[in-house]
Protein chains: 2
Amino acid sequence: MKKVTIKDIASIAGVSRGTVDRVINGRGNVTEEVEQKILKIASDLGYEKNLMASALASNRVYRIAIVTPDPNSDIFWAQPREGIQNALELVKHYGIITDYYDYNLFKKDEFCMQMENAINSRPDAILTAPTFTAESLEYLEMAEQNNIPFITINTEIHHPDILCYVGQNSFNSGYLAGRLFYLRLKPGDEIIALNLGHTLANAQHYSDKLAGLNAFFEQHNMSGNPIIWYEFDKFLDDDLLYEFWVDIKAKHPRMKGLFFTNSRGYRLVKFFNPEESQKYDVVGFDMIDPNIRFLKEDKIDFIINQNPILQGYTGIMNFVNHFVLKKDVKKIQYLPLDIVIKENVDFYIDNFKGYPVTKG
Amino acid sequence: MKKVTIKDIASIAGVSRGTVDRVINGRGNVTEEVEQKILKIASDLGYEKNLMASALASNRVYRIAIVTPDPNSDIFWAQPREGIQNALELVKHYGIITDYYDYNLFKKDEFCMQMENAINSRPDAILTAPTFTAESLEYLEMAEQNNIPFITINTEIHHPDILCYVGQNSFNSGYLAGRLFYLRLKPGDEIIALNLGHTLANAQHYSDKLAGLNAFFEQHNMSGNPIIWYEFDKFLDDDLLYEFWVDIKAKHPRMKGLFFTNSRGYRLVKFFNPEESQKYDVVGFDMIDPNIRFLKEDKIDFIINQNPILQGYTGIMNFVNHFVLKKDVKKIQYLPLDIVIKENVDFYIDNFKGYPVTKG
DNA sequence: TTATTTTCTGTGTACGAGCACAAACAAAAA
DNA sequence: TTTTTGTTTGTGCTCGTACACAGAAAATAA
């Protein structure tokens, strides 16, 4: 049961290690006849390259440039980063080095600058959350020219040349939200879909989610339950937001469900009084701290989680699978849409991140 | 930014590689003074052992004995195995070898036999699902004597000497089920909790789940919604099971919720007519194929999933973290209780297993 | 003191694959 | 034929660590 080495193959084939090495790694300069013989022996013996020895000998370094929003500009982005760092812990021995190019989520020019810096550093790959779609596509082309593949997470852009996408399926998350409202809806109840954010950034995301929600209601003949779409981009100003909320309530006495299209539901539900906490079914996204708090206080009823930590983790692991282990990687990987409620939230937070972790 | 090696430390400390090696690996025979100097330099330089080189040089082989139920005796157990095999794919380069000791889930003597075989093979660790609690504890002690640690998955046994447990928290899964029923319950509605299985095996599991369910109802003042507990061990006989079901319906006209304590809900819900599929809220466990089918047919409403694939995966990864990477491993790792419904089930099945996978 | 044991330190080789370079051989050109 | 060129194969060193063994130094016994 001993492992087969290049030496074993060489001695059986009656050639030297060097020749076997050339065949295995396709370096050429080997007669057809010998090559075939060696390949046959290798496959008969079930030869598998010892990756440790290989990495050690080649002494190769892989560099990944990470272009994601600065967590300080939007706390959500701490989570993908956490996953990235955890993955690195497991695979850094393969010689993987990362450089971070942070940008302010709300500043397009910062994004562009950092993306250029990243490309100019000539990394082996760029891992990015392409929050600015149009610009991302441009840089993708530019990187393409320099043979730098893109690994994208969280925000889907459609382009044949990305190495992979790991993240959410927005349409389906809206559709899922539809079911969650449906569970408790009565005839005539209204749903308010609320986008606390700027239309420009991530527009596709939001409209896909809404489309999914609408699709569910249509397919379940819920024409008696209207969905009303609002957008409010001054969400950072509590006074204005409160005014907006009072206004909404006045306009929609039959409001029963509240659908937040992103992670910022916490900004509004903090205005709920106890009675309102009871009355409304609230569905929001992402397990960031304030959302978790309000989930536990019954102000938010369901959080749909797309495991951003796992997105980062998987992004790195895909790199390893592709570059180090030379395995095919699935191009589109939609993560599960976890339904998080008060009763299972702690397990998602404390004990597990979707992959094994150590104590320290 | 170059990596620090033993040689670097040696030349700075003015000693040979061998001496540094003795210090780093605590092999002794080094003067206190030199040892301290080397340790200081190592920590100053941020030395980290190159695991590739280490594994290569030591040529060590780790053997794990896997003692789990034969998937042929109960299909559920194919899932942990899948996770085990996927994890091995990622870490086998560290020299990890596995031997499987399968046993029939329902045959205690087979379990004992295989456990003895496993211990006698003197592995570095035993990964097991201790479905037979009392016996498992005995073998745990026996393995303990031989310095073979236990990694347990899926079924929790309480013993200070296990290396780790990865799996479900039964009480909480019952408690979670409580919430799922609560969403749609009306005053007077009854819940039938049904254990399709033998009392003996996994008894703790089942009673914990029921306790959780009861606890939720108590804490939410639902004394108007009784929970009635049934057990039926002839579940393999369709005729008897059908008879039992007809009987239940007759006895409980106010039945609204149906709680299956394990993965075998599919055996009963197949008797539902369309009207019944609508009428009952059904909560069951485990994403095995027949359950998934009935989820899609609206006969089952919620599946609580404890990611058995991930259990296997994590079990192996914990081994690696402990033995190869020498990191501390969390002793108890409760996996998230995923709430799976028709609208998110496909993402759990097709696209993701909770960790990165390759295409082939 | 010298002999002997014990404690400490240095050196050489191995692990398996990568890679540069040398050597052997064959084919084409002189 | 010899020379040149090109193709194919073999050798030796490298990566960073582990470990056996040799050797030096110190401590103890004679």
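We name chains A, B, ... by the order of the sequence lines, and we start the count at 1 in each one.
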Q. Going by heavy atoms in the side chains, are B/Pro123 and B/Ile64 under 4.5 Å from each other?
A. no

Between [X] ([atom1]) and [N] ([atom2]), how many Å, whole number?
X	N	atom1	atom2	value
A/Lys37	D/dT8	NZ	P	15 Å
A/His93	D/dT17	NE2	C1'	13 Å
B/Gln36	C/dC8	CD	P	14 Å
B/Tyr94	C/dC15	OH	C1'	16 Å
A/Glu32	D/dT9	CD	P	11 Å
A/Lys7	D/dG10	NZ	C1'	15 Å
B/Asp8	D/dG16	CG	C1'	10 Å
B/Asn59	D/dG16	CG	P	19 Å

May I ask you to say whether [X] pairs ionically with [Y], meaning some side-chain N is under 4.0 Å from a carboxylate O?
X	Y	value
A/Lys331	A/Asp161	no
A/Lys327	B/Glu89	yes
A/Arg17	A/Asp8	no

(Q) Please give me every residue in residues 49-58 of chain A whose heavy atoms get under 4.0 Å of an atom in DNA chain D, ordered by residue number. (A) A/Leu56, A/Ala57

Q | Sub-4.0 Å heavy-atom contacts from residues 15-27 of chain B onto DNA chain D, ordered by number | A | B/Arg17, B/Asp21, B/Asn25, B/Arg27

Q) How would you list, by chain and number, every residue that makes a side-chain contact (heavy atoms from CB on, under 4.5 Å) with B/Asn72, sequence neighbours excluded? A) B/Asp70

Let me have the donor-acceptor pairs involving side chains of residues 137-153 of chain A, under 3.5 Å, with sequence neighbours excluded, atom names and distances please.
residue, atom, partner, partner atom, Å
A/Tyr139, OH, A/Cys112, O, 3.4
A/Tyr139, OH, A/Glu116, OE2, 2.9
A/Glu141, OE2, A/His159, NE2, 3.0
A/Asn146, OD1, A/Arg122, NH2, 3.3
A/Asn146, ND2, A/Met142, O, 3.0
A/Thr152, OG1, A/Cys164, O, 3.0

Pairs under 3.5 Å (N/O, protein and nucleotides 22-27 of chain C):
none

Q.
Applying a 4.0 Å non-hydrogen cut-off, can you work out what A/Asn29 is touching in the nucleic acid: base, sugar-phosphate, or nothing?
A. base

Q. Any side-chain N or O of A/Tyr47 under 4.0 Å from OP1/OP2 of C/dG16?
A. no

Q: Dump the intermediate steps for side chain to side chain contact (heavy atoms under 4.5 Å, CB included) on B/Val324 and B/Tyr62, then the final yes or no.
A: CA-CA 9 Å; B/Val324 184; B/Tyr62 296 95; 3.7 Å; yes

(Q) More than 12 heavy atoms of other residues, nucleotides or ligands under 6.0 Å from CD of A/Gln85: yes or no? (A) yes

Q: Count the heavy atoms of every other residue, nucleotide or ligand shown that sit under 6.0 Å from NZ of B/Lys92, and state whether that count exceeds 12.
A: yes

Q: Give me the bend of the helix from C/dA3-D/dT28 to C/dA29-D/dT2, using the axes of the five pairs at each end, rounded to 10°.
A: 60°

Q) Does any N or O in the side chain of B/Tyr165 come within less than 3.5 Å of the main-chain N or O of B/His158, such that one atom is a donor and the other an acceptor? A) no

Q | Whether B/Thr31 side chain and B/Glu33 backbone form a donor-acceptor pair below 3.5 Å | A | no

Q | Derivation and outcome, side chain to side chain contact (heavy atoms under 4.5 Å, CB included), residues B/Met115 and B/Glu135 | A | CA-CA 10 Å; B/Met115 199 50 117; B/Glu135 289 73 16; over 6 Å; no

Q: Would you sort out whether A/Val15 and A/Ile38 count as a side chain to side chain contact (heavy atoms under 4.5 Å, CB included), showing the intermediate values?
A: CA-CA 9 Å; A/Val15 297; A/Ile38 290 176; 3.9 Å; yes

Q.
Checking B/Tyr101 against B/Thr68 for the side-chain hydrogen bond (donor to acceptor under 3.5 Å, both in side chains) test, could you report, in this order, the C-alpha distance in whole Å, the side-chain angles of both residues, the deciding distance, and whether it holds?
A. CA-CA 7 Å; B/Tyr101 296 88; B/Thr68 52; over 6 Å; no

